[in-house]
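Comments concern the structure below.
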There are 2 protein chains.
Amino acid sequence: MNLSIESPRDLIATLGYLCLGSRLKRLGERMQTSVAQHLGARGHEVQPAQLPLLWALQEHGGAMTIGALGERLGISQPGVSRAIASLEGQGLVRPTRAGKDRRQRQIAISPAGEALMADLSARFFPAVQRAVEQLCLAAGPDLLARIDRIEDDLADAPLEARIAAQLAKADA
Amino acid sequence: MNLSIESPRDLIATLGYLCLGSRLKRLGERMQTSVAQHLGARGHEVQPAQLPLLWALQEHGGAMTIGALGERLGISQPGVSRAIASLEGQGLVRPTRAGKDRRQRQIAISPAGEALMADLSARFFPAVQRAVEQLCLAAGPDLLARIDRIEDDLADAPLEARIAAQLAKADA
DNA sequence: CTCGATAGTATAACGCGATATATATCGCGA
DNA sequence: TCGCGATATATATCGCGTTATACTATCGAG
């Protein structure tokens with residue numbers, strides 16, 4: 001073991017939090033991949049990251065703009081644009097008659113989209129929900145609530161500012 | 001609110017876990033982005049996802065193969081290959097004399113890589129650690145341990161199999 | 001010794017998150 | 001009415017995770 005720089009134990013402890021971003025990304029990726037595999041096996045072209053958009057449109061009960069979708073789901077606007085373009089190609093959503101403001105597009109779920117959601121809601125979504133819930137509860141309660149909390153806190157003070165504050169505090 | 005399919009409340013609850021993958025990905029992405037911004041501001045070309053590789057090489061105290069790095073960090077082999085190629089381009093790691101098996105490459109941290117880690121370990125890594133720790137502890141204790149646990153459980157039984165099991169159970 | 005199976009790595013392709021930027025439209029003030 | 005800043009969306013690019021696949025080297029059986 002090379003101890004020329006400093007104690008590796010310190011490095012390990014520090015890297016534990018430093019790697020959290022990468023670990024969370026990988027964990028999320030694996031969840032999405034599993035859902036994608038099941039969707040593919042059922043013959044559905046839709047991607048897991050597109051399901052929240054269909055859900056939001058269905059929950060809203062009418063047409064929504066790209067910006068409203070992004071705000072509702074916490075996804076960046078370009079991400080929504082790309083996903084909606086794909087969903088349009090699959091015929092799962094459709095643009096409705098433009099309103100007064102011709103800059104924005106009004107997007108609504110299509111009958112095919114509603115049929116897809118009805119199909120998946122019957123058995124598939126509950127199965128995924130129970131599988132993920134089982135996984136999370138085994139590690140402790142209220143994981144979703146804590147993710148909520150972290151997202152809210154980050155909205156108040158971005159991590160970038162928090163790091164800057166810690167650096168400044170260390171200087172003092 | 002469109003109630004034609006089923007109760008939207010059910011959809012919300014189900015989608016809460018269904019969207020967890022996407023949410024975790026976004027959360028991790030934001031963390032990495034913040035770290036990347038600070039690294040860039042300090043004039044470092046290294047990307048946040050490459051730091052665990054440097055850490056692993058330093059902790060190991062000698063050359064490691066691509067496969068060993070991936071196994072140590074839980075990253076896929078192609079991900080390691082790509083990151084190592086970039087780190088080599090930056091001069092932060094170097095391939096050492098090949099061993100007996102000429103299929104594998106022995107990668108070691110370079111003096112420049114050690115200098116970088118020493119520089120970042122002095123103030124930057126601790127600041128990031130404290131910032132992320134503060135964020136996580138505000139939402140509750142032992143988040144890292146719970147992530148550990150979820151990763152371990154997923155290694156035992158992949159989510160894909162868990163979903164399949166839930167689907168089968170629902171049939172019975 | 002040769003050949004087929006296996007193992008290690010690199011590459012390609014894709015998904016999806018981000019930011020930066022281009023473009024079209026709106027709204028408002030001079 | 002004209003023009004200019006603001007806003008909504010689309011597009012380009014990048015980071016980084018994945019799987020699939022190609023290629024090379026090794027090993028073991030005959």
Side-chain angles (χ1 to χ4, degrees), chain A residues 19 21-37 39-40 45-53 63-71 73-89 95 98-107 151 154 158-160, chain B residues 19 21-37 39-40 45-53 64-71 73-88 95 98-107 151 154 158-160:
Chain A
C19 297
S22 181
R23 291 176 69 188
L24 291 178
K25 274 191 72 174
R26 270 184 285 126
L27 204 51
E29 183 67 40
R30 291 177 65 177
M31 292 184 183
Q32 302 253 75
T33 298
S34 299
V35 173
Q37 284 178 337
L39 286 173
E45 193 187 344
V46 69
Q47 297 294 326
Q50 299 168 354
L51 294 175
L53 292 166
M64 296 177 76
T65 66
I66 301 291
L69 280 166
E71 199 163 343
L73 297 170
I75 302 174
S76 67
Q77 173 263 312
V80 176
S81 283
R82 183 167 40 186
I84 289 296
S86 170
L87 288 170
E88 263 188 82
K100 270 183 61 181
D101 190 337
R102 288 189 312 182
R103 288 172 302 179
Q104 41 189 15
R105 302 178 60 211
Q106 299 285 340
I107 307 293
E151 285 176 344
L154 270 185
L159 187 58
E160 195 191 348
Chain B
C19 297
S22 182
R23 290 176 70 187
L24 290 179
K25 275 191 70 174
R26 270 185 283 126
L27 204 50
E29 184 67 40
R30 290 177 67 178
M31 292 184 184
Q32 303 256 76
T33 299
S34 299
V35 173
Q37 284 177 337
L39 286 173
E45 193 188 345
V46 69
Q47 296 295 327
Q50 298 168 354
L51 295 176
L53 292 167
M64 295 177 74
T65 67
I66 301 290
L69 280 166
E71 199 163 343
L73 297 169
I75 303 175
S76 67
Q77 172 264 311
V80 175
S81 283
R82 184 167 38 187
I84 289 296
S86 170
L87 288 171
E88 264 188 80
K100 270 184 59 181
D101 190 335
R102 289 189 312 185
R103 287 171 303 182
Q104 44 189 16
R105 301 178 60 211
Q106 299 286 340
I107 307 294
E151 285 177 343
L154 269 185
L159 188 59
E160 194 192 348

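In what follows, chains are A, B, ... by sequence order, proteins preceding strands, each numbered from 1.
- Side chain of A/Arg102, nearest nucleotide from D/dT18, C/dT25, D/dC16: C/dT25.
- When heavy atoms are screened at a 4.0 angstrom cut-off, B/Ser81 is found touching base atoms of the nucleic acid.
- The separation between B/Gln47 atom CD and D/dC16 atom P is 4 Å, rounded to whole Å.
- To the nearest 0.5 Å, atoms CG (A/Leu24) and CE (B/Met31) are separated by 5.5 Å.
- Remark: the A/Arg103 side chain and the C/dG27 base include no donor-acceptor N/O pair separated by less than 3.5 Å.
- With hydrogens and angles disregarded, no donor-acceptor distance shorter than 3.5 Å links the side chain of B/Ser86 to the backbone of B/Arg82.
- When the P atom of C/dG15 is taken as reference, atom CZ of B/Arg26 falls 19 Å away, rounded to whole Å.
- Comparing B/Gln37 and A/Glu29 along DNA chain C, the residue whose closest nucleotide (by nearest heavy atom) sits nearer the 5' end is A/Glu29.
- Counting only distance, with no hydrogens or angles, the side chain of A/Arg23 and the backbone of B/Glu151 share no donor-acceptor pair below 3.5 Å.
- In the set D/dT9, C/dG15, C/dT19, D/dT9 carries the atom at the smallest distance from any side-chain atom of A/Ile66.
- Taking atom CD of B/Gln104 as the reference point, atom C1' of C/dT6 lies 14 Å away to the nearest angstrom.
- Nucleic acid contact for A/Gly67: sugar-phosphate only, since backbone atoms but no base atoms lie under 4.0 Å from a heavy atom of the residue.
- Computed from coordinates, the A/Gln77 CD to C/dT19 C1' distance equals 11 Å when rounded to whole Å.
- Look at B/Arg82 and you won't find any side-chain N or O under 4.0 angstrom from OP1 or OP2 of D/dG15.
- No side-chain heavy atom of A/Thr65 sits under 4.5 Å from any side-chain heavy atom of A/Asp101.
- A donor and an acceptor atom never sit less than 3.5 Å apart when one is taken from the side chain of B/Arg23 and the other from the base of C/dG17.
- B/Ile75 has its CD1 atom 9 Å from the C1' atom of D/dG17, to the nearest Å.
- A/Lys100 has its NZ atom 16 Å from the C1' atom of D/dA8, to the nearest Å.
- Considering only heavy atoms from C-beta on, A/Leu87 comes within 4.5 Å of A/Val46 through its side chain.
- Between B/Thr33 and C/dA18 there is no side-chain polar atom (N or O) within less than 4.0 angstrom of OP1 or OP2.
- Residue B/Pro78 is in base contact, counting any heavy-atom pair closer than 4.0 Å across all strands shown.
- Computed from coordinates, the A/Ile107 CD1 to D/dA8 C1' distance equals 12 Å when rounded to whole Å.
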